[in-house]
2 protein chains.
Amino acid sequence: MKSEDRQPRRYSSEESRRLLIEATLDSIVDVGFSNTSISEIVTRARLSRGMVHLYFDNKDALLVAAARHSAEVYYGTLSEQLKSAGSSPQAIVETVVLSDLGEDLLNERSIKIWFAFRGEAHANTAIAQYSDTRDDYLRDLIFKAFGEIAAAQGAPESEKVARDATHGTLALLEGMWTDYLLHSDSFSRASAARIIFRFLSALFPRYFNLNGAMSGKDLPCTSS
Amino acid sequence: MKSEDRQPRRYSSEESRRLLIEATLDSIVDVGFSNTSISEIVTRARLSRGMVHLYFDNKDALLVAAARHSAEVYYGTLSEQLKSAGSSPQAIVETVVLSDLGEDLLNERSIKIWFAFRGEAHANTAIAQYSDTRDDYLRDLIFKAFGEIAAAQGAPESEKVARDATHGTLALLEGMWTDYLLHSDSFSRASAARIIFRFLSALFPRYFNLNGAMSGKDLPCTSS
DNA sequence: CAAAATTATGGACATACATTCATTTTATGA
DNA sequence: TCATAAAATGAATGTATGTCCATAATTTTG
């Protein structure tokens, strides 16, 4: 009992930065963006007042760093889960949908953080930069997947269908996130996913059903 | 030029309340929720400091009143536009979708306000109460409409389809709002509507097409 | 026209805030 | 072991905040 198991007395500058960012996010989750003060942050981080300005130019820079960190975690997690996905376009789409609705990306904490930043984004261009999940990279990824599927299906106006499928899928995901924010008690990941796949199976009946991508992930898309 | 055309010197208490609420919303739009202070508000309202506490218990009560007012405007406008809609279930759904994407309900100002309140809702239960568009009333309205359509179409599991159609349509609308918030420059009301109707026409091909409800608004839904 | 009620003002107050900085503590390297 | 660098502290500062209230201006009532 002589040496209490307290935190190490001293962190590297990177550890301290990380600690402050996590404490900022904790504060946003617990008391909201507008009540997140330097005092709240340093108390939660168990650091002293001066630390924020030792490692960040000012409070705003810390908030921006926290928004940036959240975006990095989002895209990092998504990329990780995409690695273990099949290579067919249906599998890619399915993985994006299920990951985006999975607990790693969509949970009580993350949803509060995203909507807090979005609520302030229009008043802070630096934060706005990091307030968009599903940005161009993700959009391109599933647009290409839908492009392949639509072309293989041989429907008329296949590019237009692919564009609408992309837009619709991303909008549905956004909508499901909002639904989770406002009704987290009654929210069901399964039914959220089913509705999106219902949309996709209506557009591409040979490639999706209500449970996701059709079985046999590497079915030749071009066979009749 | 003797009597300058300035505002009347004195308002009724209701006018003052309204003025303060509008100024609060203006401030949220211009400088964001967290920068909206009493000083900001009274300056914009061209009233003196004491007025806020004359007509509201405190700043928080004013913010809640502003959130409430926004919700009332939303539902009031929507109800108004529903009055001039056809009575068929398709027409009701079409009106909800087009109203929700129309400029009266979805514009630069309203979207910033909604997302600002949503961002703070989880830290303020009083605001949370008014941060949900598309609440139970609206949900029931279009659920009944989809129920009629699904039953008339005679598909299996028609109630489940109606439930998914409701959830999906509302999620798509939420998603389109988010899209407008984050990419208002590239947002297109027409393509947002087309995507939602693409979803609906896939579920109910005899009742919707890419342009909305099928023509002949009062077609007998039960005919083969 | 006086009295009462309503609407409006802006200074005062304590508190909370972001920021600065002189100082101290701890770790590192010679 | 000591000098130097890195990490950490928390008191101090000035400003901004929400709230209160004594007072004034205006309207309404009797």
Side-chain angles (χ1 to χ4, degrees), chain A residues 3-28 30-67 116 120 123-124 126-127, chain B residues 3-28 30-67 116 120 123-124 126-127:
Chain A
S3 71
E4 311 161 37
D5 53 350
R6 55 188 161 185
Q7 300 280 66
R9 292 238 186 80
R10 206 176 175 80
Y11 304 99
S12 71
S13 57
E14 280 178 19
E15 283 167 334
S16 294
R17 277 181 61 97
R18 173 63 61 94
L19 232 52
L20 287 167
I21 286 174
E22 288 301 338
T24 302
L25 296 174
D26 287 343
S27 171
I28 288 173
D30 289 349
V31 300
F33 191 96
S34 64
N35 295 318
T36 291
S37 63
I38 300 269
S39 303
E40 273 285 340
I41 293 166
V42 295
T43 302
R44 286 164 191 275
R46 298 172 160 276
L47 293 173
S48 58
R49 297 191 60 67
M51 293 291 272
V52 167
H53 296 85
L54 182 60
Y55 292 118
F56 298 92
D57 286 348
N58 49 41
K59 184 192 173 188
D60 198 63
L62 170 54
L63 290 169
V64 172
E120 285 291 322
N124 185 326
I127 286 180
Chain B
S3 69
E4 311 162 37
D5 53 350
R6 56 189 161 187
Q7 300 281 65
R9 291 239 185 78
R10 205 177 177 80
Y11 304 99
S12 73
S13 57
E14 281 178 17
E15 285 168 333
S16 294
R17 278 180 61 96
R18 172 64 60 94
L19 231 53
L20 287 168
I21 287 173
E22 288 300 339
T24 302
L25 296 174
D26 286 343
S27 171
I28 289 172
D30 288 350
V31 301
F33 191 96
S34 64
N35 295 318
T36 291
S37 62
I38 300 268
S39 304
E40 272 285 339
I41 293 166
V42 296
T43 302
R44 287 164 190 275
R46 299 172 159 277
L47 293 172
S48 57
R49 299 189 59 65
M51 293 291 272
V52 167
H53 295 84
L54 183 60
Y55 292 117
F56 298 91
D57 286 348
N58 48 40
K59 185 193 173 189
D60 198 62
L62 170 54
L63 290 170
V64 172
E120 285 291 322
N124 186 326
I127 285 180

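Labels below follow one simple rule: chain letters A, B, ... track the order of the sequence lines, proteins then strands, and each chain is numbered from 1.
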Over how many whole Å does the gap from B/Y11 atom OH to C/dT9 atom P extend?
9 Å
Could you check which of D/dT19, C/dC17, C/dT9 has an atom nearest any side-chain atom of A/S39?
C/dC17
Between D/dG18, C/dA8, C/dC17, spot the one nearest the side chain of A/S37, thanks.
C/dC17
Using a cut-off of less than 4.0 Å, is there contact between a side-chain N or O of A/S13 and OP1 or OP2 of D/dA6?
no
Distance check needed: C/dA18 P versus A/I38 CD1, whole Å only.
5 Å
Of the nucleotides D/dT19, D/dA25, C/dA18, which has the atom closest to the B/R10 side chain?
D/dA25
Any B/Y55 side-chain N or O less than 4.0 Å from OP1/OP2 of C/dA8:
yes
With respect to the phosphate group of C/dG10, does any side-chain polar atom (N or O) of B/S48 fall under 4.0 Å of OP1 or OP2?
no
I want to check one thing: is the phosphate of C/dT7, taken as OP1 and OP2, less than 4.0 Å away from some side-chain N or O of B/S12?
no
Are the side chains of B/F56 and B/I21 in touch, meaning some heavy atoms are under 4.5 Å apart?
yes
Measure CG/A/N35 against C1'/C/dA18 and give the value in whole Å, please.
16 Å
Nucleotide of C/dA8, D/dG18, C/dT19 approaching A/N58 most closely (side-chain heavy atoms):
C/dT19
Ignoring backbone atoms, establish whether A/H53 has a side-chain N or O less than 4.0 Å from OP1 or OP2 of C/dT19.
yes
